Amino acid sequence: MTGAHPLLSVRDLTKSYGTRRGCADVAFDLWPGEVMGIVGESGSGKSTLLGCLAGHIPPDTGRVVFDTRAEGPRDVLAMAEPERRMLARTDWAFVHQNPRDGLRMGVSAGGNVGERLMAVGARHYGQIRAQAVDWLGRVEIAADRIDDKPRQFSGGMQQRLQIARNLVTGPRLVFMDEPTGGLDVSVQARLLDLLRGLVRQMGLSAVIVTHDLAVVRLLADRLMVMKDGLVVEQGLTDQVLDDPQHPYTQLLVSSVLQA
Amino acid sequence: MSDYNFAYLDEATKRMIRRAILKAVAVPGYQVPFASREMPMPYGWGTGGVQLTAACLTPEDRLKVIDQGADDTTNAVSIRKFFQRTAGVAVTERTREATIIQTRHRIPEAPLTEGQILVYQVPIPEPLRFLEPRETETRRMHALAEYGLMHVKLYEDIARNGEIATAYAYPVKVQGRYVMDPSPIPKFDNPKLSDCAALQLFGAGREQRIYALPPHTQVVSLDFDDHPFVAAKAPHACDLCGDAASYLDEVITDDAGGRMFVCSDTDHCATHRATGHAGRLGGTEGAAA
């Protein structure tokens, strides 16, 4: 809509755990409709970075400027907590690697999807339920499972439910932490297909953290490679994967098993 | 008459509790922490309520204690005797004559008046406890007025039972701000919380929390637009006094499925019968009771 500003603009983001580096001097711009992948090995600072962006972990220094609907670009880190939490349940979404972290396991699927609606003021049971049914359909969960609890679902279904729960309020920015981790390849493929469809349909911007290069090749427009808390290479996904410049990226790309 | 300080607690403790009460009255529905004392009764028997009553009592007060509406059950009788012995105050079973009423799980049927104090015994003051077990998180949710989760509970009720099945401890919103657990009163009593002329104090001894509703506070029971709040009761009239509008207890009378419905508020039932009303069994069991 605005077009003039990036949706998310990150500068000098640093977070250390004592003397150990979580991530350091990260800077990038994310434009509306763009999907950014972050890859790197375990412990490279991917999840720390994502946590800092989403406001779960307070960074030591840096700025995270988000282009809000009402007031244009605002520094998220300088916002008051009520504002930031409001943002987190309206314009933002966070898909956890483990659905247990992102779902309420004791609450039915419909209640899980409806929670964000009720949190922003929906007070009509029939309408909440209709939207829950609609979203379960969009993520390929049968409507007759609406009153089942997530613990009765398979891993893939739980992950799809988590996505429905997050997207029901029509967010503009989605953070995903290893969304396909722990799923078998055929389920992964369908989930990726679904995600790609939703991202394109809704014009979502997304930041996806993963160690799976196939996932970023399918989903991401741009790619950032991290090692030891530092960004060692960034660029268009195809460019980085087909012509890696940094020795670590070269190692990463050559380590992928060819089926 | 007794070797106890007036109303059992020492003056410093009463002062601490009164400070918590003042804060609770100033912020209706907000749970104020206080240094709950050991009382000569087990947790769950009204230690929070007893401490509030002790802090509010003056020698001129007239105390009434009810348990599930009744003046003559163990909990009510023992707390009443406790204050008779430790404070020497006058006691009554009549709602209208009492200045302080300590209650467990009911609001009296007779309308309360200005100058009265209603003290509730609260087992679990946190309405969000079973939805979000972390106290750090629920406090933050109260601070930021993030109450979407409360409606998730009601949503689950409707999804599972076709209606809001929560029958007691039904969550309310106080003065458009704090969501509060009204203690396990039946939801039939919820409308009486709102715009009540008396001061209402809630004490949770084990959980160390005090909260309050000052007189004439607006209290709204949470609901959905298409599933509005209903103050439910058993669809019968009292078998003793014949009142069809009061809250009823169901009493099993034999092994053959026999049952009777009686007012849970014993004072209300007696008053109603004294004015010449009688229910289905009013002539027989009524006389014995």
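What you see is a predicted model, and the numbers here were worked out from it, not measured in a lab. Every chain is numbered from 1, with letters handed out A, B, ... down the list of sequences.
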Classify the ring geometry of A:F175 against A:W92: parallel below 30°, tilted from 30° to 60°, perpendicular beyond 60°. perpendicular
Counting only N and O atoms by type, is there a donor-acceptor contact under 3.5 Å from the side chain of [X] to the main-chain atoms of [Y]?
{"X": "B:S194", "Y": "B:P191", "value": "no"}
{"X": "B:R209", "Y": "B:E207", "value": "yes"}
{"X": "B:D265", "Y": "B:H268", "value": "yes"}
{"X": "B:D189", "Y": "B:I107", "value": "yes"}
{"X": "B:D157", "Y": "B:A165", "value": "yes"}
{"X": "A:D177", "Y": "A:V95", "value": "no"}
{"X": "B:K233", "Y": "B:S246", "value": "yes"}

Between chain A and each of B:V152, B:D226, B:L222, B:D225, count heavy-atom pairs under 4.5 Å; write down the option with the most. B:D226
Quick check on the interface: out of A:R129, A:E115, A:R104, A:Q127, who has the most heavy-atom pairs with chain B under 4.5 Å? A:R104
Highest number of heavy-atom pairs under 4.5 Å with chain B: which of A:S108, A:A122, A:P82, A:A119? A:S108
More than 12 foreign heavy atoms under 6.0 Å from CZ of B:F130: is that the case here? no
Which members of residues 135-157 of chain A, sorted by number, sit under 4.5 angstrom from chain B on a heavy-atom basis? A:I146, A:D147, A:K149
For [X], which atoms come within 4.5 Å of any heavy atom of chain A: side chain, backbone, both, or neither?
{"X": "B:L131", "value": "backbone"}
{"X": "B:L144", "value": "side chain"}
{"X": "B:H227", "value": "side chain"}

Among A:L50, A:V174, A:L53, the one residue meeting side chain to side chain contact (heavy atoms under 4.5 Å, CB included) with A:F94: A:L50
Is it the backbone or the side chain of A:I128 that comes under 4.5 Å from a heavy atom of chain B, or both, or neither? side chain
Okay, A:R116 and chain B: the region with an atom under 4.5 Å from a heavy atom over there is neither
